[in-house]
Q: 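Provided herewith is a single structure, encoded as structure tokens, for subsequent inquiry.
By convention here, the first residue in the shown sequence is residue 1.
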Amino acid sequence: MAEETRRPTAVSLTRVGTTRFEATNERGGTLPIGPGDSPEFTPVELLMAAIAGCGAIDVDLLTTRYAEPESSEASVTADRVKNADGNIVENIDVTFRLRFPEGEGGDRARSMLDRAITRAHDRMCTVSRTVEAGTPVSMHSD
């Protein structure tokens with residue numbers, strides 16, 4: 001059995017206007033977040049992008065061992081549900097579209113694409129695995 005490792009990670013949020021924030025990661029990258037009335041990503045869109053992005057990175061790591069894709073895209077859809085119990089996102093669906101070059105390497109990458117997607121979903125993608133596990137979230141003031 002593999003030894004458990006833990007790596008703390010953090011993102012900070014700074015208010016830049018009414019219902020508008022800027023997220024900053026530990027490496028100094030920034031990302032604007034808004035309520036959905038402007039081009040900024042909403043928190044739900046960020047969650048969807050994180051799920052698709054995490055899976056896409058994992059699939060890329062596995063398939064590019066054999067060939068660089070000619071094109072690689074992922075899209076994600078979901079239903080935002082508001083009911084008496086509160087707000088939730090359901091029916092999250094990620095679709096990958098990859099095209100590999102002709103030849104032995106491209107053939108190998110194509111032949112293992114479905115396995116790579118399954119492996120990303122079942123084992124590698126921290127984001128989708130965390131959502132599916134129902135990891136508790138705590139919120140509090142300091």
Side-chain angles (χ1 to χ4, degrees), residues 1-101 103 105-142:
M1 184 174 193
E3 183 179 323
E4 180 179 276
T5 60
R6 290 182 180 262
R7 186 180 67 192
T9 188
V11 171
S12 64
L13 221 57
T14 304
R15 185 176 187 268
V16 295
T18 304
T19 69
R20 290 187 163 55
F21 294 84
E22 183 176 80
T24 304
N25 65 25
E26 295 172 315
R27 296 170 311 285
T30 61
L31 184 65
I33 301 171
D37 61 358
S38 59
E40 299 101 347
F41 277 75
T42 68
V44 170
E45 292 166 339
L46 289 173
L47 175 65
M48 293 168 65
I51 291 169
C54 185
I57 288 169
D58 293 336
V59 168
D60 195 68
L61 286 170
L62 295 170
T63 58
T64 57
R65 295 176 182 173
Y66 306 107
E68 284 291 318
E70 293 175 341
S71 64
S72 178
E73 298 176 359
S75 62
V76 59
T77 59
D79 296 325
R80 290 181 67 161
V81 178
K82 294 181 180 185
N83 59 32
D85 294 329
N87 302 336
I88 192 168
V89 178
E90 293 181 340
N91 304 318
I92 301 168
D93 182 72
V94 181
T95 302
F96 296 96
R97 288 176 300 284
L98 289 92
R99 200 172 81 218
F100 294 99
D107 291 345
R108 288 194 66 188
R110 272 187 295 284
S111 73
M112 66 97 49
L113 180 58
D114 287 338
R115 276 193 326 265
I117 292 169
T118 298
R119 191 164 167 207
H121 176 268
D122 293 349
R123 181 148 177 85
M124 295 175 70
C125 178
T126 305
V127 179
S128 63
R129 290 179 44 78
T130 300
V131 169
E132 288 186 327
T135 301
V137 175
S138 62
M139 293 187 184
H140 53 86
S141 66
D142 189 15

Q: Is any side-chain heavy atom of P69 closer than 4.5 Å to one of D60?
A: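 Of all side-chain heavy-atom pairs linking P69 with D60, at least one is under 4.5 Å.
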
Q: Look at the side chain of R80 and the backbone N and O of V44, then say whether any donor-acceptor pair between them is shorter than 3.5 Å.
A: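 A pair under 3.5 Å: no.
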
Q: Is it the case that atom CZ in R97 sees more than 12 heavy atoms from other parts of the structure closer than 6.0 Å?
A: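 Enclosed: over 12 neighbouring heavy atoms sit under 6.0 Å from CZ of R97.
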
Q: Quick check for you: to the nearest 0.5 Å, what is the distance between C54 atom SG and H121 atom NE2?
A: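 Those atoms lie 11.0 Å apart.
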
Q: Test of understanding: with side chain to side chain donor-acceptor pair (under 3.5 Å), list the residues that count as partners of E22, not counting sequence neighbours.
A: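 E22 satisfies side chain to side chain donor-acceptor pair (under 3.5 Å) with no residue once adjacent residues are dropped.
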
Q: Output the distance between atom OG1 (T135) and atom CD (E132), rounded to the nearest 0.5 Å.
A: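 It comes to 11.0 Å.
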
Q: Salt bridge (charged side-chain N to carboxylate O under 4.0 Å, His left out) with E45: which residues, sequence neighbours excluded?
A: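 Partners of E45 by the salt bridge (charged side-chain N to carboxylate O under 4.0 Å, His left out) criterion come out as none, since no residue qualifies.
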
Q: Please tell me if the side chains of L47 and V131 come closer than 4.5 Å, counting only heavy atoms from C-beta onward.
A: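 A side-chain contact exists here, since the closest heavy-atom pair is under 4.5 Å.
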
Q: Could you measure the distance from the CE atom of M48 to the OG atom of S75? Nearest 0.5 Å is fine.
A: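 Result: 9.0 Å between the selected atoms.
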
Q: Shortest non-hydrogen contact from S111 to R115?
A: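 Nearest pair, atom of S111 first, then R115: O-NH1, 3.9 Å.
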
Q: If I take atom CZ from residue F21 and atom CD1 from residue I33, how far apart are they, to the nearest 0.5 angstrom?
A: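 Reported value, rounded in 0.5 Å steps: 8.5 Å.
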
Q: Can you confirm whether I51 sits close enough to V94 that some side-chain heavy atom of one is under 4.5 Å from a side-chain heavy atom of the other?
A: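 Yes, at least one pair of side-chain atoms sits under 4.5 Å.
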
Q: Evaluate I92 against V76 for side-chain contact (heavy atoms from CB on, under 4.5 Å), listing each step before the verdict.
A: CA-CA 7 Å; I92 301 168; V76 59; 3.8 Å; yes

Q: Kindly compute the distance separating CG (L62) from CZ (R119), expressed to the nearest 0.5 Å.
A: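 It comes to 5.0 Å.
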
Q: With no hydrogens and no angle check, do the side chains of T63 and R110 hold a donor and an acceptor under 3.5 Å apart?
A: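 Not at all, the side chains of T63 and R110 share no donor-acceptor pair under 3.5 Å.
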
Q: Of all heavy-atom pairs between F100 and A67, which one has the smallest distance, and what is that distance?
A: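 Shortest heavy-atom separation between F100 and A67 comes out as CE2-O, 3.8 Å.
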
Q: Within the structure provided, determine whether L98 and L113 are in side-chain contact (heavy-atom separation under 4.5 Å).
A: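 Sidechains of L113 and L98: in contact.
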
Q: Considering residues at least two apart in sequence or located in another chain, which fulfil the salt bridge (charged side-chain N to carboxylate O under 4.0 Å, His left out) criterion with R20?
A: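 R20 satisfies salt bridge (charged side-chain N to carboxylate O under 4.0 Å, His left out) with D37, E40 only.
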
Q: In chain order, what residues pass the salt bridge (charged side-chain N to carboxylate O under 4.0 Å, His left out) check against R27, with sequence neighbours excluded?
A: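 R27 satisfies salt bridge (charged side-chain N to carboxylate O under 4.0 Å, His left out) with no residue once adjacent residues are dropped.
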
Q: Run the side chain to side chain donor-acceptor pair (under 3.5 Å) test against T130 and tell me which residues pass, sequence neighbours left out.
A: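 Testing T130 for side chain to side chain donor-acceptor pair (under 3.5 Å), a comparison that skips the adjacent residues, returns none.
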
Q: Can you sort out the partners of E90 under side chain to side chain donor-acceptor pair (under 3.5 Å), two or more places apart, ordered by chain and number?
A: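 Here no residue qualifies.
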
Q: Calculate, to the nearest 0.5 Å, the distance between atoms CE and CD1 belonging to M112 and I117 respectively.
A: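 So the CE of M112 and the CD1 of I117 are separated by 10.0 Å.
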
Q: Check this for me: D114, atom CG, are more than 12 non-hydrogen atoms of other residues, nucleotides or ligands nearer than 6.0 Å?
A: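 No, CG of D114 has 12 or fewer neighbouring heavy atoms, counting only those of other groups under 6.0 Å.
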
Q: Is a donor on one side and an acceptor on the other found under 3.5 Å between the side chain of N91 and the backbone of A78?
A: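 Side chain of N91 to backbone of A78, a donor-acceptor pair under 3.5 Å: no, none is there.
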
Q: Quick check: closest heavy atoms across A74 and F96, and the distance to 0.1 Å?
A: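 Closest pair (atom of A74, atom of F96, distance): CB-CD2, 3.8 Å.
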
